[in-house]
Amino acid sequence: MKKIYLLLFFAVVSNLFSQNGKIYLKNSKFNIGKPNTYVYEPPQGLVIEDNAKVNFLYITPTDFSSDISPLKKSGKRYEFTAKVPDSVRVILATINDSQKIADSNNEKGYSVLLKTQNDIELRKSLINEISVRSNGGYFFRLKSDPKREDLIAEYDAVFAKYPKLRDDIVSLEYLYTKKSLNREQGEKDLLAFADKCVKRNTEEYLTSAYYIYSSNNETQDQAKKLKTEISEKFPANRIDAMDFIRKFFDQPDKTEASILESLNAFKTKYPNDTSKRSLSYFYSALVPIYLDKGELEKAIACEPYLNLPEDTYNNFAWGQSGGDLTMPVKDIDFATKVSKRSVDIIEAKRKECYTPDYNGKFNMFADTYALLLYKQGKYDEAFKYQSGVKALDGLDAGGKERYLAMLDKVKSKDEVKAYIEDEISKGNTSPAFLSKLKEIYIEKKLPMAEFDAIQQKTDLLAQENKNKDLLEKFGSKNAFDFTLKNLDGKDTKLSDYKGKIVVLDFWATWCGPCKASFPKMQHLVTKYKDKDVAFLFVNTWENGKEDEILKKVSSYITEKKFDFNVVFDLKQEVVGNYKIQAIPTRIVIDKKGDILAYDNSNTDIGKIIEEQLK
């Protein structure tokens, strides 16, 4: 059996280094604390653009990080320089030009082991390499997606050669992967490892033990005791730092002054934790306050401390936009300026180097920007950006309606008619499409019998697709009944609203897009206040204990002056019954208690309600 394991080990190691091209350290020794130069030898015959970059991923004890470095020609080879934290053992790299991933090493990425100076360091780097590579597919959008069983086999092969590694901190990822395959046995293995960590008695091992104990219901007392011990021995420890951040995050009624005070207190108390990930919690709370006050320059000054500033800008701009073609915007010039900032950032990233998630982000940001330009009356420019989204196949149902409105402003009726008919031929339709098509038929004096036939066919197809979609999603059109407590502590039962149209809005206080959509939802709540319409804002997936959640949600709703009937899905049963996979998600239920529609935006809710009230 030992021989088989050794053969497997050498097969794994051989696989790690059997790369068509090569990336390796220029100097055999990795210089800790300094920039290092790497050599890239492309596969034979591959042409590398002059502006190509290296996109590389690495793991620290607390996070994943990625960076970009320019390639420089050096004879037949290329070189790049990069500095990574001292704790990094492995980098995973791809070569990107302006349009694509130019060299992904057959969808695996290039692995470079940094710490190999002795047998102990090499074995730890080999384990770390498996973990980095297993996450590379997500970060670099590679097609390779290793199965957990295959990862376990690779880990086991290294452990067979170096059995002592099973007790090393580097084996944690392996243990969590095993738990994902067999929860019961995985829990036992993790607890046994935690017991060994306690005996090692270093901050790193004690911290790992604490997180293992705290995630198990039967070892909460051990976790609590260990946390006290860690706090006494290591005052600036990671556990307390995360508790500080969590308490800050849950703090209601944040102001610019209170955020800056918390930020300075964090830096003073935890001087070793100045990572962008940690500081971004504070700055991501600060930027929306600046934007609410119209202080874009202050928000821009925070960008170096934000993980994804472009997402923050788009969330704000979309919330201000109203989410549809008719909602007024309070300060449209400022909202448009903020939206343009999100587009500029993603475009700058694309120009610097191909970004795997560029298309998805451009579609979101450009759709928001185009809507705001449209409301400014800048129809040509709005159409240009919305056309860009269409070219990337990024228009959802609402986006297609917005494209139609912009097309109607800048193109001929014949072109508008051709677009509508093309969408209908693909099975895509909406009341807005049919309304505009009817208008064109009347204006151009075309046969109305022809239009009536199109409408009848599309209405039937739309209903069939809708019913099919609802059955696939929920298994039944009947809405699941539930009873949840509201902000006043009173029971709220869904079936009590039979005879009314009900809108369920699933949300959480940490969800930026949820909160960005609330101004539009408040408009709908006010508009239908005296109609047979009820809105239930289902708070779910919230972090914290029950009393903390109630306080946090109540403070937020009160602070923003929202007239919402909030109910609490504390056990997360309702979100499970409705098979919610992301928030915000909204579900519309008719007067009979049947599900009419669901989506992740509030674009069409008003139209659906109006149709039901006729």
Side-chain angles (χ1 to χ4, degrees), residues 243-263 280-295 299 302 306 311-323 330 335 338 484-490 492 503-526 529 534-572 574-575 580 582-586 600-602 605:
D243 277 351
F244 186 103
I245 290 172
R246 193 175 296 109
K247 289 175 183 176
F248 164 78
F249 193 82
D250 292 341
Q251 193 180 90
D253 307 324
K254 296 184 186 70
T255 64
E256 179 182 357
S258 70
I259 294 170
L260 291 174
E261 182 181 354
S262 294
L263 174 60
S280 69
Y281 288 106
F282 301 95
Y283 285 100
S284 63
L286 194 58
V287 168
I289 290 177
Y290 288 148
L291 296 179
D292 283 337
K293 293 161 64 176
E295 297 176 335
C302 296
L306 295 175
D311 287 18
T312 302
Y313 292 136
N314 183 65
N315 286 341
F316 173 84
W318 179 253
Q320 296 295 304
S321 76
K330 185 177 180 181
V338 173
L484 298 174
K485 291 193 180 299
N486 64 12
L487 278 170
D488 298 322
K490 296 179 180 178
T492 300
V503 178
L504 304 180
D505 189 332
F506 292 85
W507 72 288
T509 57
W510 50 261
C511 172
C514 299
K515 295 187 288 187
S517 70
F518 278 178
K520 171 66 180 296
M521 292 304 295
Q522 179 61 67
H523 171 77
L524 294 175
V525 169
T526 303
K529 191 170 186 177
F535 292 82
L536 297 179
F537 291 81
V538 185
N539 180 264
T540 191
W541 291 341
E542 200 69 69
N543 302 311
K545 297 178 182 178
E546 183 174 333
D547 58 337
E548 294 172 344
I549 292 173
L550 297 177
K551 182 179 178 182
K552 178 168 43 178
V553 171
S554 179
S555 296
Y556 173 75
I557 295 297
T558 302
E559 175 193 347
K560 298 298 181 181
K561 297 183 173 67
F562 289 132
D563 184 20
F564 291 171
N565 186 4
V566 176
V567 294
F568 294 90
D569 183 26
L570 296 170
K571 295 181 179 179
Q572 299 177 13
V574 177
V575 75
I580 304 300
I583 54 176
T585 290
R586 296 173 186 88
N600 298 108
S601 69
N602 56 10
I605 288 178

Check: About how many Å separate CZ of Phe568 and CG of Leu484, when rounded to the nearest 0.5 Å?
Finding: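 These two atoms lie 10.0 Å from each other.
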
Kindly write out the residues that satisfy side-chain contact (heavy atoms from CB on, under 4.5 Å) with [X], not counting sequence neighbours, or none if the list is empty.
| X | answer |
| --- | --- |
| Lys293 | Glu256, Ile289, Glu295 |
| Lys515 | Tyr556 |
| Ser258 | Gln251, Lys254, Thr255 |

Item checked: Minimum-distance pair of heavy atoms, taken over all atoms of Asn315 and Pro513 ->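 Closest pair (atom of Asn315, atom of Pro513, distance): OD1-CG, 3.9 Å.
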
Can you list everything that forms a side-chain hydrogen bond (donor to acceptor under 3.5 Å, both in side chains) with [X]? Sequence neighbours excluded, please.
| X | value |
| --- | --- |
| Thr492 | none |
| Asp505 | Arg586 |
| Asn486 | none |

Contacts of [X] that satisfy salt bridge (Lys or Arg N to Asp or Glu O under 4.0 Å) - sequence neighbours left out:
| X | answer |
| --- | --- |
| Glu546 | none |
| Lys560 | none |
| Lys552 | Asp250, Glu542 |
| Asp311 | Lys361 |

Next item on the list: Tell me, yes or no, whether the heavy-atom count around Gln572 atom CD, taken from other residues, nucleotides or ligands under 6.0 Å, exceeds 12.
Entry: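 Above 12, so yes.
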
Notebook entry, point to check: Phe282: what forms a ring pair (Phe, Tyr, Trp, His ring centres under 6.0 Å) with it, not counting sequence neighbours?
Noted result: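 For Phe282 the ring pair (Phe, Tyr, Trp, His ring centres under 6.0 Å) partners, ignoring immediate neighbours, are Phe248, Phe266.
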
Next item on the list: Identify, with sequence neighbours excluded, every residue that meets disulfide bond (SG atoms under 2.5 Å apart) alongside Cys511.
Entry: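 Per chain and number, Cys511 pairs via disulfide bond (SG atoms under 2.5 Å apart) with Cys514.
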
Notebook entry, point to check: Do the side chain of Trp541 and the main chain of Phe506 share a donor and acceptor less than 3.5 angstrom apart?
Noted result: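 No; zero donor-acceptor contacts below 3.5 Å.
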
Next item on the list: Decide yes or no for Thr509 and Val553: does some side-chain heavy atom of the first lie under 4.5 Å from some side-chain heavy atom of the second?
Entry: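 Yes, at least one pair of side-chain atoms sits under 4.5 Å.
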
